Amino acid sequence: MNRSYIAPHIASLPKSGIRDFFELVNTMEGVISLGIGEPDFVTPWTIRESAIYSYEKGNTHYTSNLGTLSLRKAICGYLSDLYGIRYVPEKECIVTVGVSEALDLAVRALVSPGDEVIYHEPCYVSYSPEVRMAHGVPVAVPTRVENSFALDPADLEKAVTEKTKVLLLNFPCNPTGAVLNEEQSAKIAEIAVKHDLVVISDQIYSELTYEGAPNSIASYPGMKERTLFLSGFSKGYAMTGFRVGYACGPAEIIDAMMKIHQYSIMCVSVNAQHAACEALKNGRQDMEMMRREYLRRRNVIVKAFNDMGLPCLNPQGAFYAFPRIDSTGMSSLKFAKRLLLEKKVAVVPGTAFGECGEGFVRCSYATSMEGITTAMEKIRDFLDSLKK
Amino acid sequence: MTKEEIRREILRILGEDGRLTSSQIAERLAVDVQEVAETVAELEKKNVIIGYSAIFNESELPESKVKAVIEVKVRPEREGGFDKIARRLSRFPQVSSLYLMSGGFDLLLEIKGATLQEVAEFVSSKLASMDGVLSTSTHFLLKKYKEAGKLMEEEEQDERLKITP
Ligand SMILES: Cc1ncc(COP(=O)(O)O)c(C=O)c1O
């Protein structure tokens, strides 16, 4: 084999610099992990039970490419309830294999080679690779701790060029837990309208908003017709393994996404679609119970970090604390590595989410309260050992 | 959080784990310890919180190996309705819970005892013969699967990946 068989745009995708670290964590025994980006709760029983029932009934066939109409209706009803945004289930909604697929469809449907896609960093690891796989140009705008990691509209404005086609937002944000306030949302919406941008809003953590009701950029003037609302069941309803998400937005874009989905995926597992329906019908109390528990854990973990001298903002959503560790004089990766090897506590270096995550580590509080308190004691010991 | 929200959250938290201290609760709610301690004291004083006890498999103890629920029909009294007889029955230590019910019978009692005989003896000598009790129907419990919101057998935990983005 003299030449590489791999397509250049895939060959050139950067391998995450922290892959080795992830490998190291996975080979170690007895680790307390604050490194997990999924709920520790098992899917609520009412949802699991309805999935079992759907097999018993013999629901084993393909569904409509867009997803079952009953699920699409339930999703549109839910969004109307929560955000006051109305989508037409027949043509403005598609059920996908998680937000992961929705994001892939959206980017492929919208981006032509050379189009620029702006997103904010630190952010979820898939955004930049997704854009590159579609031959687009990812443009990262750093967010800063001084702004509580919200996207500063002025920074956004500066990043826009005539090649900018898409703005990708994720609030509440993985890994920072940041949300946008009214004023920031309104300004960002204005910029999107002014430059005729399409906005992909990844709202996978929206249910897990702690102060006030969840909101969406799609509800601002001029935004619904240019926004793709992406969300799913993985986080709020603790259904990561079911793999169900959705996109709602302008019929024209949903239709384009449907074409890709139809040829590459066909439809989401029928069983998972039934389970998702049940989640929206009867799972809200369970979701609310989990949200309350995350909130309690957030309060505990944030106080613990601040008490031990690692400044930590109060995340307004999702289930991640993002404390600042640069006072230890170590890089994020070094800190995470030493903490793992010396105290067997796993955290994710901030740099996994972009260069501007340097100086921070992400600590998931989707971990039992017991696990959190033990981990906090160990991190305190670790800091003490550094002082000696 | 408003005072009412704090009050509810304290009840929820203690309902899940009655052993948490005021300062642990305060951390979870990000409020002042003093406020939690005062609220708990008030809840106790007003008998909203009636007591604290562990949930365990009661058949571990000889005196509560046998459990029964008993449906009781009673004749309500002209003054006081069902309350008088219910209060009277609830004083017996064998009675662990007592409810007034809608439907085909009036009172539902949960009874604990060391043996079948002991429970049967209580029913015939104390309960069925009490003035105002019209009839009883006793059901012995065979196996307990869940109590006070807790499963008696832990669910097997699905293994999560140790680290994910
Ligand atoms: C910001 C963000 N978007 C999308 C996803 C993927 O979600 P799904 O399970 O719906 O594919 C995750 C999962 O960690 C995430 O953190």
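Being a predicted model, the structure only gives us computed values, none of them experimental. Numbers restart at 1 for each chain; the letters A, B, ... are given by sequence-line order, proteins then strands.
- Within a 6.0 Å sphere centred on CD of A:E370, heavy atoms belonging to other residues, nucleotides or ligands number 12 at most.
- The contact between A:R362 and chain B is made entirely by side chain atoms (from C-beta outward), counting heavy-atom distances below 4.5 Å.
- The structure places CD of B:E27 at 9.5 Å from CG of A:N299, a figure rounded to the nearest 0.5 Å.
- Note: A:G37 leads A:G37, A:S126, A:A304 in heavy-atom pairs under 4.5 Å with chain B.
- Rounding to the nearest 0.5 angstrom, the gap separating the CE atom in B:M1 from the CG atom in A:L295 is 7.0 Å.
- Heavy-atom distances place no part of A:V302 under 4.5 Å from chain B, backbone and side chain included.
- Between A:V348 and B:I163, some side-chain heavy-atom pair lies under the 4.5 Å cut-off.
- Of all heavy-atom pairs spanning A:E38 and B:T164, the tightest one is N-OG1, 4.2 Å.
- Residues of residues 28-67 of chain B placed with any heavy atom under 4.5 Å of a heavy atom in chain A are listed by number as B:R28, B:L29, B:A30.
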Show which side-chain atoms of residues 9-22 of chain B pair as donor or acceptor with protein atoms under 3.5 Å away, not counting sequence neighbours.
| from | atom 1 | to | atom 2 | distance (Å) |
| --- | --- | --- | --- | --- |
| B:E9 | OE1 | A:R296 | NH2 | 3.3 |
| B:E9 | OE1 | B:R12 | NH1 | 3.1 |
| B:E9 | OE2 | A:R296 | NE | 3.2 |
| B:E16 | OE1 | A:R296 | NH1 | 3.4 |
| B:D17 | OD1 | B:R19 | N | 3.0 |
| B:T21 | OG1 | B:S23 | OG | 3.4 |
| B:T21 | OG1 | B:Q24 | N | 3.1 |
| B:T21 | OG1 | B:Q24 | OE1 | 3.3 |

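- Both the backbone and the side chain of A:F22 come within less than 4.5 Å of a heavy atom in chain B.
- Interface remark: A:M289 contributes no atoms to any contact with chain B (heavy atom separation under 4.5 Å).
- Using a 4.5 Å cut-off between heavy atoms, A:V300 contacts chain B through both its backbone and its side chain.
- Options A:K303, A:M28, A:R292 differ in how many heavy-atom pairs under 4.5 Å they form with chain B, and the most are formed by A:R292.
- Under a cut-off of 6.0 angstrom, the local environment of NZ in A:K334 is sparse, with at most 12 non-hydrogen atoms contributed by other residues, nucleotides or ligands.
- Shown here is A:K343, whose NZ atom has more than 12 heavy atoms of other residues, nucleotides or ligands within 6.0 Å.
- For the atom pair A:L340 CG and B:K162 NZ, the distance stands at 9.5 Å (nearest 0.5 Å).
- No more than 12 heavy-atom neighbours from other residues, nucleotides or ligands sit within 6.0 angstrom of CD on A:E355.
- Checked by atom type and distance alone, the side chain of A:N174 pairs as donor or acceptor with a backbone atom of B:P165 at under 3.5 Å.
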